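One structure is given below, encoded as structure tokens.
Note that the structure is predicted; figures quoted are calculated from it, not measured. When a residue number appears, it is its place in the shown sequence, counting from 1.
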Amino acid sequence: CGWQPGAMGFKDVALSVMEYVQGTGPFGYVLTILFLTVISIFSLPTTPTEIAAGFIFGHVGGAAVGGVGKTLGSTVSFWIAQTLGKKRGWKVPLPEKYEAELQK
């Protein structure tokens with residue numbers, strides 16, 4: 001009893017996760033958006049999750065979930081980088097400083 005390595009293949013796990021998300025109703029949208037946000041923050045591939053969202057929620061719902069999740073992930077990533085940059089004193093160079101070098 002319990003989980004045994006190799007007992008379930010990737011296909012079985014993926015299908016059971018998709019069935020679970022589909023069975024949660026409207027909360028499934030929230031779960032998928034949160035998952036896409038997290039994997040976007042860590043720069044992991046989002047395509048498999050977006051394809052699964054299309055199968056679960058349909059074309060329009062899947063596209064909406066993918067767009068919202070990736071936008072939230074990008075926004076959080078930008079906020080983290082901006083916050084860390086300010087704390088470490090990083091500055092974006094002004095165009096005047098490097099524009100002359102580009103013209104050469």
Going by side chain to side chain contact (heavy atoms under 4.5 Å, CB included), name the residues that satisfy it together with S43, two or more places apart in sequence or in a different chain. none
What's the spacing between T24 OG1 and L31 CG if we round to 0.5 Å? 5.0 Å
Report the distance from atom CE of M18 to atom CD1 of I56, rounding to the nearest 0.5 Å. 4.5 Å
Salt bridge (Lys or Arg N to Asp or Glu O under 4.0 Å) pairs, two or more places apart, involving residues 32-52: E50-K70
Indicate yes or no for a side-chain donor-acceptor contact from T71 to the backbone of V68 under 3.5 Å, with no hydrogens or angles considered. no
What is the distance from atom NZ of K87 to atom CD of Q82, rounded to the nearest 0.5 Å? 12.0 Å
Which is it for S40 and L72 under the side chain to side chain contact (heavy atoms under 4.5 Å, CB included) test, yes or no, and what are the steps along the way? CA-CA 8 Å; S40 292; L72 285 173; over 6 Å; no
Rounded distance [0.5 Å steps], CG in L34 versus OH in Y29: 15.0 Å
Are more than 12 heavy atoms from other residues, nucleotides or ligands located less than 6.0 Å from atom CZ of F35? no
Connected via hydrophobic side-chain network under 4.5 Å: V30 and Y20: yes
Side chain to side chain contact (heavy atoms under 4.5 Å, CB included) against V38, all qualifying residues, sequence neighbours excluded: F42
V21 with F55, same ILVMFWY side-chain cluster at under 4.5 Å: yes
Nearest heavy-atom approach of T32 to A53 is CG2-CB, 4.1 Å
